Amino acid sequence: MTPTTFRPGRRAVVAAAAALPVGIALAACSSDTGAGPDLGGGSDDGGAGSLFGEAVASGPVAADDVVSASAWATAIKDKDKLVRGGTLANQVFSLASTSGGDPTGFDAGLTQLLARYILGEDITDKVEYIDTTVETRETLVENGTVDCVIATYSITPERLEVINFAGPYYLSGTAIQVRTEDKDTISGPKDLTGLKIVTQSNSTGVQAAEENIPDYDESLVQTLPDNESCVAALKQGRADAYVLDQGVLLGNSAADPEVTVVGDPFVDDPYGVGLSKDDDDALEFVNTFLQEIIDSGTWKDLWTATIGEVIDGEAPEPPVPGDLPA
């Protein structure tokens with residue numbers, strides 16, 4: 001698909017995610033939402049007085065010598081813009097504002113915090129968002145179209161052969177989404193035997209289904225190019241369950257009461273910031289940034305303003321940047 005660009009102005013708060021039923025344990029996995037379903041969007045102002053705006057505004061700013069020591073960060077500062085690959089269609093992690101503000105959500109906030117860290121306190125119009133899918137992410141990183149990808153992006157050994165990952169910055173997990181009318185009959189992978197499954201192509205959902213569904217039947221699994229297509233297949237009855245990262249599925253449930261996340265995640269995967277292997281110093285720079293927002297408490301503030309709006313409990317302990325899967 002052809003990447004599209006979104007250039008927002010001021011910040012807006014995540015709002016519509018409150019529609020998601022609480023009590024779902026968010027733990028650990030991967031993927032990208034692609035174009036996404038028609039999610040609508042929040043209408044709250046989300047400026048400096050919102051939890052989201054306050055979290056972003058509290059983020060650290062790197063000293064000039066820290067930026068100048070990194071060729072990757074210096075290039076971003078010289079063009080006065082951070083170009084992020086990702087999605088703007090997930091109400092929990094990254095959602096475009098309907099009121100002209102900046103995108104909101106955990107990944108969107110992390111993006112704005114990284115821009116602030118490099119470019120300074122005023123990042124108005126200094127983040128460019130380029131749409132990616134699970135099939136285009138590595139390519140856009142490798143060819144330099146984007147400076148980084150922040151897109152509920154699982155760190156896997158296979159992907160580490162192609163690009164670098166800073167982080168992990170969050171732990172999620174492979175989960176199951178069903179039509180809401182079926183939520184009492186399916187609670188885990190053991191209930192998916194003999195049912196039609198849909199997941200995104202080139203995502204970790206395929207392997208998770210193969211390794212965890214008893215008597216797995218490949219002929220019952222269809223892969224589609226993006227989140228929108230998978231949700232449509234589920235709602236239209238062409239699939240009985242949608243298996244993917246819980247972070248993506250939470251956004252769907254927040255947007256659409258016809259689909260519900262059931263059970264707990266059954267495969268753990270860490271999210272990372274995708275970076276080009278050609279940018280030698282980017283990995284250390286972004287890991288340093290992640291550790292700074294963790295140490296300052298900004299990470300937990302951002303979690304509270306986004307993911308914490310749709311699930312119960314206190315913010316979890318952040319993962320350790322640089323602790324990658326073997």
Side-chain angles (χ1 to χ4, degrees), residues 14-43 87-96 98 104-106 152 172-200 203-206 208-209 212-214 217 220-267 306-313:
V14 62
L20 179 68
V22 296
I24 299 170
L26 186 62
C29 184
S30 76
S31 193
D32 187 20
T33 59
D38 183 8
L39 297 178
S43 59
T87 180
L88 291 171
N90 185 302
Q91 289 185 261
V92 178
F93 281 85
S94 189
L95 179 69
T98 59
T104 53
F106 193 82
T152 61
S172 185
T174 302
I176 300 167
Q177 188 155 59
V178 300
R179 292 180 293 276
T180 300
E181 63 193 44
D182 297 329
K183 65 183 179 66
D184 295 328
T185 61
I186 297 173
S187 62
K190 62 180 176 52
D191 301 317
L192 298 181
T193 300
L195 299 184
K196 294 176 291 184
I197 309 302
V198 67
T199 189
Q200 288 189 45
S203 76
T204 57
V206 177
N212 291 275
I213 297 175
D217 184 346
L220 294 173
V221 179
Q222 59 178 315
T223 58
L224 298 176
D226 54 44
N227 184 59
E228 182 180 27
S229 301
C230 292
V231 173
L234 178 63
K235 292 175 64 174
Q236 293 166 6
R238 292 182 282 119
D240 300 306
Y242 179 11
V243 174
L244 200 72
D245 169 63
Q246 193 189 50
V248 176
L249 302 184
L250 284 173
N252 297 337
S253 294
D256 190 341
E258 293 186 35
V259 294
T260 298
V261 179
V262 294
D264 293 329
F266 56 91
V267 174
T306 55
I307 300 167
E309 289 290 308
V310 297
I311 62 171
D312 289 330

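Note that this is a predicted model, so its numbers are computed, not measured.
Side-chain atoms of D256 do not come within 3.5 Å of backbone N or O of N252 as any donor-acceptor pair. The backbone N or O of P265 sits nowhere less than 3.5 Å from a side-chain atom of Q246 that would complete a donor-acceptor pair. At least one donor-acceptor pair closer than 3.5 Å links the side chain of Q91 to the backbone N or O of A255. The closest donor-acceptor contact from the side chain of R179 to the backbone of E258 lies at 3.5 Å or more, if one exists at all. The backbone N or O of Q222 sits nowhere less than 3.5 Å from a side-chain atom of K196 that would complete a donor-acceptor pair.
The distance from atom CG of N227 to atom OH of Y242, rounded to the nearest 0.5 Å, is 3.5 Å. Expressed to the nearest 0.5 Å, how far CD of Q200 lies from SG of C230 amounts to 5.0 Å. To the nearest 0.5 Å, the span separating OG1 on T152 from CG on L249 amounts to 10.0 Å. To the nearest 0.5 Å, atom CG of residue D182 and atom CG of residue D240 are 7.5 Å apart. Atom CD1 of I213 sits about 6.5 Å away from atom CZ of F266, to the nearest 0.5 Å.
Each of T174, D245, V243, T204 was checked for a side chain to side chain contact (heavy atoms under 4.5 Å, CB included) with V267, and the lone residue meeting it is T174.
Listed here is the closest heavy atom pair of A239 and I197: CB-C, 4.4 Å. Nearest heavy atom pair, residue T199 against residue G205, reads OG1-CA, 3.5 Å. The two residues P189 and N212 come nearest to each other via the heavy atoms CB-O, 3.4 Å. In terms of heavy-atom proximity, A241 sits nearest to I176 at CB-CG2, 3.9 Å. Considering every non-hydrogen atom in both L244 and S203, the closest pair reads CD1-OG, 3.3 Å. Closest approach of L220 to L195, counting heavy atoms only: CB-O, 3.5 Å.
With sequence neighbours left out, the side-chain hydrogen bond (donor to acceptor under 3.5 Å, both in side chains) criterion links S187 to D191. Listed by chain and number, the residues in a side-chain hydrogen bond (donor to acceptor under 3.5 Å, both in side chains) with Q236 are R238 (sequence neighbours excluded).
A side-chain donor from one of T180 and T260 sits under 3.5 Å from a side-chain acceptor of the other.
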